[in-house]
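Everything below concerns the one structure shown next.
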Amino acid sequence: MSAPAPSPLEIVGVDPGQRPERQDEVLTGAALEFIAALHRRFTPRRDELLARRAEKRAEIARTSTLDFLPETAHVREGDWKVADCPPALLDRRVEITGPTDRKMTINALNSGAKVWLADFEDASAPTWENVIGGQLNLTDAYERRIDFTDERTGKSYALRPAEELATVVVRPRGWHMDERHLVCDGQPVPGALVDFGLYFFHNAQRLLDLGKGPYFYLPKTESHLEARLWNEVFVFAQDYCGIPQGTVRATVLIETITAAYEMEEILYELRDHAAGLNAGRWDYLFSIVKNFRDAGSRFVLPDRNAVTMTAPFMRAYTELLVRTCHKRGAHAIGGMAAFIPSRKDAKVNEVAFEKVRADKDREAEDGFDGSWVAHPDLVPVAKASFDAVLGERPHQKERLREDVEGAVKAGDLIAVDSLEARPTFEGLRNAVQVGIRYIEAWLRGLGAVAIFNLMEDAATAEISRSQIWQWINAGVVLDTGQQVTAELARQVAADELAAIRAQIGEEAFAAGCWQQAHDLLLRVALDEEYEDFLTTPAYEILRG
């Protein structure tokens with residue numbers, strides 16, 4: 001009898017005693033062969049595109065500007081549309097986001113939202129348990145063999161009838177992050193290919209049988225060439241698994257400033273698989289700071305909470321996104337309502353709900369077809385805003401927003417100096433507070449964290465630490481008259497760490513990752529060389 005063929009992939013750095021339960025159901029031989037095929041075919045091009053990002057950033061450092069691409073003018077001027085929308089994605093008026101742990105899987109599917117963004121990216125710290133367990137939870141949900149009992153409260157959770165469940169749209173990791181525990185030919189496999197590949201391989205046919213399909217959100221895309229790579233991945237995967245071409249549908253998050261100048265091109269590259277575009281907030285602001293961090297005072301952002309979607313440069317971005325999507329027959333999906341309702345303070349809820357309502361009213365009136373929320377209690381609030389505009393219609397793609405055509409100029413998207421707000425000491429302190437608290441939770445394997453009544457993910461920490469870096473390097477003077485320096489940032493961080501220790505007590509402080517979080521925040525906020533992604537050095541010290 002011949003020996004079995006060796007696996008094309010190595011699982012490394014996982015203690016045999018810490019292997020996730022039922023890991024072998026996910027990492028079957030056939031699934032690993034598929035991941036290896038994806039890696040060998042597409043990782044070299046991924047690497048080229050990451051190098052291209054660095055070249056683009058160097059160009060921005062030289063010119064301090066961006067423009068629409070002259071070489072793709074024919075795409076913007078052409079007469080084309082994306083593929084028709086599948087029935088399961090026609091109505092997306094409310095989408096809930098969250099990680100793929102077992103409790104969230106049930107609650108999100110049951111939430112009353114039309115779509116659940118099942119997140120392997122910014123709302124999920126990539127521990128091996130989260131990577132494998134999230135895949136199992138999704139498959140178990142489709143097989144209706146998922147339930148959950150909270151050990152602390154004794155409360156049990158189970159799925160509602162199939163017709164009441166949200167449609168799942170999976171967000172894999174961005175192109176930049178590798179999966180350290182899966183190695184092929186001596187090289188880590190990109191996390192994007194792991195998350196996409198395992199989900200697609202195990203569920204594409206199952207989803208078709210359920211009347212839906214494998215749907216994805218694509219994060220941190222920086223150019224239409226990166227969208228083209230995703231399209232090539234989709235074509236290959238569908239052929240490999242015997243799934244009809246065009247089954248995959250992808251919604252792209254326009255959450256980088258460079259992608260905002262290539263929206264039409266991104267839809268064009270994905271046109272056989274495109275479902276829409278999404279307008280984010282924190283990652284978008286993070287991208288502006290990252291790309292224009294050394295471009296002078298006119299690109300200095302004020303406190304992050306002072307930059308709302310009504311800021312002129314943010315309005316230009318969202319107006320252009322709606323126009324682009326509807327012109328090409330795609331859904332335009334709005335941003336996140338991150339508020340977490342309080343069980344103790346009705347007044348806090350009343351004020352916050354009114355802000356959420358106003359934000360969702362604006363999006364619906366501007367032409368968006370749906371929007372995001374972070375908590376089930378916000379589903380009816382957002383739904384009411386879109387119901388008032390859509391009525392029984394599933395979307396408003398017929399509203400072409402032709403008034404925007406030509407009205408948004410290249411310079412409007414980066415007119416950061418149109419803001420009147422300026423950086424404050426409280427803004428600096430909030431950046432440090434949120435940064436330390438989020439990073440500490442992330443290092444313990446939690447990617448979605450409630451901080452000060454808001455659901456925060458990695459994008460929050462990215463904008464926080466990036467603003468500290470920018471303010472220091474731009475010599476910003478705060479409302480208190482203090483100049484932002486490395487020493488001031490260290491002092492604020494030390495004060496915050498001491499406050500946390502006093503608040504939670506020595507035992508809880510020692511059990512957490514507070515000192516590591518403090519040190520990492522200062523490292524990525526103060527280093528002379530700007531780190532492209534906070535999660536890259538954080539991954540090196542992540543438990544699991």
Side-chain angles (χ1 to χ4, degrees), residues 8-9 22-42 82-90 92 95 100 105 108-109 114-121 131-146 159 162 165-173 179 182 189-219 227-252 269-276:
L9 291 181
R22 300 168 57 202
Q23 172 180 292
D24 293 344
E25 293 179 37
V26 177
L27 301 181
T28 64
L32 291 175
E33 288 178 4
F34 177 58
I35 299 298
L38 290 172
H39 170 76
R40 288 167 177 157
R41 189 178 183 96
F42 297 111
V82 302
D84 289 341
C85 184
L89 287 177
L90 270 176
R92 303 178 63 173
E95 303 190 356
T100 53
T105 297
L109 290 171
K114 294 293 185 179
V115 165
W116 170 36
L117 187 159
D119 200 4
F120 286 92
E121 201 231 2
V131 169
I132 299 301
Q135 296 286 346
L136 282 166
N137 291 335
L138 292 171
T139 300
D140 283 353
Y142 299 142
E143 294 288 332
R144 297 195 66 87
R145 60 187 185 192
I146 190 170
L159 291 179
L165 302 182
T167 293
V168 175
V169 180
V170 166
R171 178 160 69 167
R173 281 168 280 181
E179 171 49 64
L182 280 179
V189 180
L193 296 180
V194 173
D195 299 337
F196 163 81
L198 291 175
Y199 180 72
F200 183 89
F201 185 84
H202 288 298
N203 297 295
Q205 186 58 56
R206 179 181 285 112
L207 285 160
L208 285 175
D209 294 343
L210 293 171
K212 297 188 177 184
Y215 307 138
F216 298 92
Y217 258 111
L218 305 181
R228 180 183 297 172
L229 178 59
W230 269 119
N231 197 71
E232 292 168 356
V233 170
F234 297 156
V235 170
F236 175 84
Q238 288 166 133
D239 277 348
Y240 187 103
C241 295
I243 302 298
Q245 287 295 330
T247 298
V248 171
R249 284 292 189 278
T251 304
V252 180
E269 294 294 344
L270 287 160
R271 60 194 179 277
D272 294 333
H273 301 104

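Bear in mind the structure is a predicted one, so any value in this text is a computation, not a measurement.
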Next item on the list: Show your working on side-chain contact (heavy atoms from CB on, under 4.5 Å) between Asp272 and Gln245 and close with a plain yes or no.
Entry: CA-CA 8 Å; Asp272 294 333; Gln245 287 295 330; over 6 Å; no

Check: Which pair of non-hydrogen atoms, one from Val248 and one from Gln238, has the smallest distance, and what is that distance?
Finding: N-OE1, 3.0 Å

Margin query: Please check this pair: side chain of Asn137 against backbone of Thr100, looking for a donor-acceptor N/O pair closer than 3.5 Å.
Written below: yes

Notebook entry, point to check: What's the spacing between Phe200 CZ and Tyr215 OH if we round to 0.5 Å?
Noted result: 12.0 Å

Margin query: Quick one: does any side-chain atom of His202 pair with a main-chain N or O of Thr139 as donor and acceptor, under 3.5 Å?
Written below: no

Next item on the list: Please say whether more than 12 non-hydrogen atoms of neighbouring residues, nucleotides or ligands are located less than 6.0 Å from NZ in Lys212.
Entry: yes

Margin query: Measuring from atom CG of Leu229 to atom CZ of Phe234, what distance do you get when rounded to the nearest 0.5 angstrom?
Written below: 9.5 Å

Next item on the list: Please name the pair of heavy atoms, one in Arg249 and one in Ala275, separated by the smallest distance, quoted to 0.1 Å.
Entry: CB-CB, 4.1 Å

Item checked: Point-to-point distance, once rounded to the nearest 0.5 Å, from CG of Asn231 to CZ of Arg271 -> 7.5 Å

Item checked: Val168/Leu109 under side-chain contact (heavy atoms from CB on, under 4.5 Å): CA gap, chis, key distance, verdict -> CA-CA 8 Å; Val168 175; Leu109 290 171; 3.7 Å; yes

Next item on the list: Walk me through it: do Tyr240 and Phe201 pass the test ring pair (Phe, Tyr, Trp, His ring centres under 6.0 Å)?
Entry: CA-CA 9 Å; Tyr240 187 103; Phe201 185 84; 7.1 Å; no

Next item on the list: Hey, could you give me the CG/CD distance between Leu117 and Glu95, rounded to the nearest 0.5 Å?
Entry: 7.0 Å

Margin query: Apply side-chain contact (heavy atoms from CB on, under 4.5 Å) to residues Phe120 and Val170 and explain how you reach the verdict.
Written below: CA-CA 7 Å; Phe120 286 92; Val170 166; 3.8 Å; yes

Note to self: With rounding to the nearest 0.5 angstrom, report the CD to OG1 distance, Glu33 to Thr28.
What the structure shows: 8.5 Å

Note to self: Does this structure show an ion pair linking Asp140 with Arg22, if we count only N-O contacts that are shorter than 4.0 Å?
What the structure shows: yes

Check: How are the rings of Phe34 and Phe196 set to each other: parallel, tilted or perpendicular (split at 30° and 60°)?
Finding: tilted

Check: Which residue pairs pass the salt bridge (charged side-chain N to carboxylate O under 4.0 Å, His left out) test with at least one member in residues 195-208, sequence neighbours excluded?
Finding: Glu143-Arg206, Arg173-Asp195

Margin query: So which atom in Gly197 and which in Leu38 form the shortest heavy-atom distance, rounded to 0.1 Å?
Written below: CA-CD1, 3.8 Å

Notebook entry, point to check: Looking at side-chain heavy atoms only, is the closest gap between Pro244 and Leu208 below 4.5 Å?
Noted result: yes

Next item on the list: Could you pull out the closest heavy-atom pair between Pro8 and Leu32, with the gap in Å?
Entry: CG-O, 3.8 Å

Checklist line | Nearest heavy atoms of His39 and Val189, plus distance in Å | finding: ND1-CA, 3.8 Å

Note to self: Under 3.5 Å, is there a donor on one side chain and an acceptor on the other for Thr251 and Arg92?
What the structure shows: yes

Check: If every non-hydrogen atom of Thr167 is compared with every non-hydrogen atom of Ala88, which pair is closest and at what distance?
Finding: OG1-O, 3.3 Å

Next item on the list: Starting at CG of Leu198, measure out to CG of Leu27 and round the result to the nearest 0.5 Å.
Entry: 6.0 Å

Item checked: salt bridge (charged side-chain N to carboxylate O under 4.0 Å, His left out): pairs with one or both residues in residues 227-247, sequence neighbours excluded -> Arg228-Glu269

Next item on the list: Report the C-alpha distance between Leu193 and Ile35 in whole Å, list the side-chain angles of each, state the deciding distance to 0.1 Å, and finish with yes or no for side-chain contact (heavy atoms from CB on, under 4.5 Å).
Entry: CA-CA 7 Å; Leu193 296 180; Ile35 299 298; 5.6 Å; no

Notebook entry, point to check: What do you reckon, is CG of Asp84 surrounded by more than 12 foreign heavy atoms closer than 6.0 Å?
Noted result: no

